[in-house]
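Read through the structure below, which is laid out as C-alpha cells, and then see the notes.
In this text, all values refer to a predicted model and were calculated from it rather than measured experimentally. Excluded from the calculations below are hydrogen atoms, water molecules and symmetry mates; all remaining heavy atoms, backbone and side chain alike, are included. Along the sequence shown, residues carry numbers from 1.
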Amino acid sequence: EKFTVGDYLAERLTQIGIHQYFHVPGDYNLVLLDKLEDHSDLVGIGCANELNCSMAAEGYARANGPSACVVTFSVGALSAFNGTGSAYSENLPLILISGAPNTNDFGQHHILHHTLGTTDFTYQLEMAKKITCCAVAIPRAADAPRLIDRALRAAILARKPAYIEIPCNLANAACVRPGPVSAVTDHVMSDTAALEAAGKCAAEYLDGKLKPVILVGPKLRRAGAEKELLKLAEAMGCAVAVQPAAKGMFPEDHKQFVGIFWGQVSTCGAESILHWADAILCVGTVFNDYSTVGWTAMPDIPLMTAEIDHVTFPGAHFSRVRLAEFLARLATQVTHNDSTMVEYGRLRPDPVLVHTAAPGDVLTRKETSRQIQQLVDEKTTVFVETGDSWFNGIQLKLPRGAQFEIEMQWGHIGWSIPAAFGYSIRHPERRTIIVIGDGSFQVTAQEVSQMVRYNLPIIILLMNNRGYTIEVEIHDGAYNRIKNWDYAMLIQAFNSTDGKAKGLRADTAGELADAIKVATANKGGPTLIECTIDQDDCSKELITWGHFVASANARPPKGGGY
Ligand SMILES: Cc1ncc(Cn2nnc(CCOP(=O)(O)OP(=O)(O)O)c2C)c(N)n1
Ligand SMILES: [Mg+2]
C-alpha cells in the first residue's frame, strides 16, 4: 500500500496528540480527507460551515493543545480564517489545512472555481501568513515532510496557529514516512545561564519590595505553567488576582485568591489590593482595552512580567526563559511575604447575600446566575460568550476543578457554540455549560445540530434579553435590535426524527429550576434553556465598563486628525 502525503500528514497529526479533527469537505480536499479517514487513530468531525469548523477546532485546542481544521480552497478557508484569528489572539496551536488547485493549473492561465476568477492562486497563502505563525504551501510531494514538520513545530513552540496548503493532486502522491516525532514536538528549553540569572535577579527585586502581589493572565495556561504558578504563589504567600480572560487558571477556593482584577468591575475587592501593592508580578497577562476597562485600569506602578519565553522587570530583561521553568526556579529563591494577604484580610468585602427568587417570580439575570452557580461543580466547564454573559460569568465562584473558557481577546460573538462543541468532543466526560446571549446564538446556532449528532449533553443557557445589550451599553442605535426567534422550537428542528436534544423556555424562577432538572437528566443530547429576561436587566458592571470603553473609542484623532 503506497504511503502518501495525506498519510504523512495524518500520521504527524496523531503523533502530536490530535485524535479528532474538524472538517467541511470540498472538491479540493476530498482525497486528503480520504487519507485522514484511513488513519485508525484519527476521527473526522463534520461541521455545518467553515466558521464553526474553525471555532470547533479553537475550542478543541483549549482542551487538547494542538487541533486541526480541514477545509476546501478559498470559499472554505476564508471563513476558517476567523477561527484561525481567534486561535492566534488566544494563543492556541490550531492547524488550518486547506485543499488547493491541482499543481498543473498553476501558471497555466486556467480560471478555476471557488477562486477569485483570476489566474493567481497565491492570495490565500499570503493572507494566511498574516494570521498564523507559519504558513506553507506544498509545491511537490518531496517537499511535504519538510514543510509539514516546519508548520507543526512552529505552532507547538509558539502556541499560535499554522497553515498547511495541499494541492488536490498531491494528497495521494507517494511520500516517505515521518521520522521521530520529537523533531517536531521537543521544546526549546530555557538557556541555563539566563534562567539562573533571572531567578536570582527576580528574587532580589521582589525582596526589595514591601507588598508584592501576583496577577495571573491568560497566557499562563497556554504556557502549561499553572502548577508552577501555584507553587510560587504559596512560596510567596502573597495575594493572587486573576485577569478576566484567565478566570479559572488559579483555584478560586485557594486562600490566597483575591478575585478577578478588572478595574472598576473587579470582583471580591481585587482592585483594592492591586492598587495598594508596590510590586505586581504579571504572569502571562494581556492588558488590552477591554481588560483595562478602556485603559482606565492599567496598573500605575512598573511591572514585572513573566511571559511564555522571557522575563522583564525594571532594569532587567532575560530572553529564552521558559515560563514554567522560571516560576519553578523563583519559587525556590523567593522570600515569603504575605503583607498583601494581611492587608486583604482587612479589605475583603463582606459576602453578598444572594436573594433566592420565589418559583412564581419573573425570571431575572441575578436569579439565572444563582441557579447556574448551583450547576458548577469540579467536573464542569463553563463557556461564557461575548455579551453580558461575560459579566455574569465572571461573577461565578469556581469550585476546585471547575474550568472556565472565555474569548476576550478575539471576542467573536457566537464562538462559544462551536468552541464548546469542539471542547466537548475532546472532553465528553466533563459537563459543558454555555452561557450565551440571543444575538450571539444567532451567529452560529447551526452547530447545535452537531451536538445532537454526537449525543453531547451540553447545557445551553440562552439569555434572551431581546437584542445586542452589550452594544447598547457601549453605544445604542437601531442596529442593536434583532429579530426574535423561538429558540426552544429551533432545537426541535435540529432533532428531526432521531435527535435527543431538548429545547425549553423559562419565564419564571420556578420554570428555570425545572428546566435545569430536565437538562441535567438529559444525557442523550444538548438541552437549550431560553431564559427570558427584561431588555434592561443587565449587569451594572456592563454599564460601567460600557461607559469607559465607549469613551476610549471616542478619543479624537491627535492634532485634529487632518
Ligand atoms: C463577529 C462579531 N460581530 C460583531 C460583534 C460586535 N458585537 N459584540 N456583541 C454584540 C451583541 C451581543 O448580543 P448578545 O449575544 O445578545 O449579548 P447580550 O445581549 O449583551 O447579553 C455584537 C453585535 C462581535 N463582537 N463579533
Ligand atoms: Mg442579547
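Nearest heavy atom pair, residue R430 against residue E378, reads NH2-O, 3.3 Å. The two atoms that bring H412 and V443 nearest to each other are CE1-CG1, 4.0 Å, heavy atoms only. Across all non-hydrogen atoms, the minimal contact from P212 to L206 is CB-CD2, 4.2 Å. Of all heavy-atom pairs between P218 and A245, the closest is CB-O, 3.6 Å. Among all heavy-atom pairs drawn from A194 and F318, the shortest one is O-CD2, 4.0 Å. Taking every heavy atom of both residues into account, A155 and P93 meet most closely at O-CB, 3.6 Å.
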| task | Any chance you could lay out the side-chain contact (heavy atoms from CB on, under 4.5 Å) test for I301 and I280, step after step, and finish with the verdict? | result | CA-CA 8 Å; I301 55 175; I280 304 176; 3.7 Å; yes
| request: For side-chain hydrogen bond (donor to acceptor under 3.5 Å, both in side chains), just list the numbers for S539 and D388, CA-CA rounded to whole Å, side-chain angles, deciding distance to a tenth of an Å, and then say yes or no. | output: CA-CA 7 Å; S539 65; D388 201 22; 2.7 Å; yes
| task | Check the pair V376, L398 against side-chain contact (heavy atoms from CB on, under 4.5 Å), reporting the backbone distance first and the verdict last. | result | CA-CA 7 Å; V376 181; L398 301 182; 4.2 Å; yes
| field | Verdict with reasoning, L215 to Q243, per side-chain contact (heavy atoms from CB on, under 4.5 Å) | value | CA-CA 7 Å; L215 179 60; Q243 288 194 302; 4.1 Å; yes
| request: Please assess S440 against Y468 for the test side-chain contact (heavy atoms from CB on, under 4.5 Å), listing each intermediate value before the final yes or no. | output: CA-CA 8 Å; S440 298; Y468 292 154; over 6 Å; no
| field | Check against side-chain hydrogen bond (donor to acceptor under 3.5 Å, both in side chains), T432 and Y423 | value | CA-CA 8 Å; T432 300; Y423 179 96; over 6 Å; no
| task | May I have the step-by-step check of salt bridge (Lys or Arg N to Asp or Glu O under 4.0 Å) for K397 and E252, ending in yes or no? | result | CA-CA 7 Å; K397 300 271 170 279; E252 298 197 353; 5.7 Å; no
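S89 contributes atom OG, which lies 5.0 Å from atom CD of Q409 (distance to the nearest 0.5 angstrom). Between the OG atom in S389 and the CD1 atom in I394 there is a gap of 11.0 Å [rounded to 0.5 Å]. A distance of 9.0 Å separates CZ in F421 from SG in C53, rounded to the nearest 0.5 Å. Here the CD-SG distance, from E234 to C238, works out to 10.5 Å after rounding to the nearest 0.5 Å. Annotation: the span from F81 atom CZ to L51 atom CG amounts to 13.5 Å, rounded to 0.5 Å. Note: C268 SG to F257 CZ = 5.5 Å, rounded to the nearest 0.5 Å.
For the pair Q20 (side chain) and R426 (backbone), a donor-acceptor distance under 3.5 Å is absent. The closest donor-acceptor contact from the side chain of E228 to the backbone of L327 lies at 3.5 Å or more, if one exists at all. Side-chain N or O atoms of E385 include one that pairs as donor or acceptor with a backbone N or O of G414 at under 3.5 Å. Between the S54 side chain and the G83 main chain, a donor and an acceptor come within less than 3.5 Å of each other. No side-chain donor-acceptor contact under 3.5 Å links K211 to the backbone of E343. A donor-acceptor pair under 3.5 Å links the side-chain atoms of W410 to the main chain of N82, judged by distance alone. A donor-acceptor contact shorter than 3.5 Å links the side chain of H254 to the backbone of Q256. The main-chain N or O of T380 is never found under 3.5 Å from a side-chain atom of R431 such that the two would form a donor-acceptor pair. At distances below 3.5 Å, not a single donor-acceptor pair connects side-chain atoms of D309 with backbone N or O atoms of S319. Looking at T340, its side chain does come within 3.5 Å of a backbone N or O of A239 through a donor-acceptor pair.
Side-chain contact between L330 and T332: absent, with no pair of heavy atoms (C-beta onward) separated by less than 4.5 Å. Residues I417 and I460 have side chains in contact (heavy-atom distance under 4.5 Å, counting atoms from C-beta outward). Considering only heavy atoms from C-beta on, D41 stays 4.5 Å or farther from E11 through its side chain. Side-chain contact between E407 and M55: present, with at least one pair of heavy atoms (C-beta onward) separated by less than 4.5 Å. Between Y60 and H427 the shortest side-chain heavy-atom distance does not fall below 4.5 Å. In this structure, I459 and P526 have side chains that are not in contact, with every pair of non-hydrogen atoms separated by 4.5 Å or more. No side-chain heavy atom of Y88 sits less than 4.5 Å from a side-chain heavy atom of K130. By the 4.5 Å heavy-atom criterion applied to side chains, I214 and V283 are counted as neighbours.
The pair K379-E429 does not count as a salt bridge, with every side-chain nitrogen at least 4.0 angstrom from each carboxylate oxygen. The pair R370-E367 meets the salt-bridge criterion, with a side-chain N (NZ, NE, NH1 or NH2) lying under 4.0 Å from an Asp/Glu carboxylate O. Using a 4.0 Å cut-off between charged side-chain N and carboxylate O, R12 and D149 make a salt bridge.
With a 6.0 Å radius and a threshold of 12 heavy atoms from other residues, nucleotides or ligands, K209 has its NZ atom above the threshold. Counting heavy atoms of neighbouring residues, nucleotides and ligands inside a 6.0 Å radius, atom NZ of K200 does not exceed 12 of them. The environment of CZ in R400 is crowded: more than 12 heavy-atom neighbours from other residues, nucleotides or ligands sit within 6.0 Å.
When ring centroids are compared, F383 and W415 come within the 6.0 Å threshold. Between Y290 and W545, the distance from one ring center to the other falls under 6.0 angstrom.
Applying the salt bridge (Lys or Arg N to Asp or Glu O under 4.0 Å) definition to pairs two or more places apart or across chains, those involving residues 54-68 are E58-R62, R62-E90, R62-E405.
In summary, the side chains of D186 and S182 do not present any donor paired with an acceptor at a separation below 3.5 Å, with no hydrogens or angles considered. Using modelled atom types and a 3.5 Å distance limit, the side chains of E325 and S190 yield a donor-acceptor pair. Using a 3.5 Å distance cut-off with no hydrogens or angles, the side chains of T335 and D207 do pair a donor with an acceptor. For the 3.5 Å distance criterion, the side chains of D537 and T364 fail to qualify, holding no donor opposite an acceptor. In summary, the side chains of S67 and N64 do not present any donor paired with an acceptor at a separation below 3.5 Å, with no hydrogens or angles considered.
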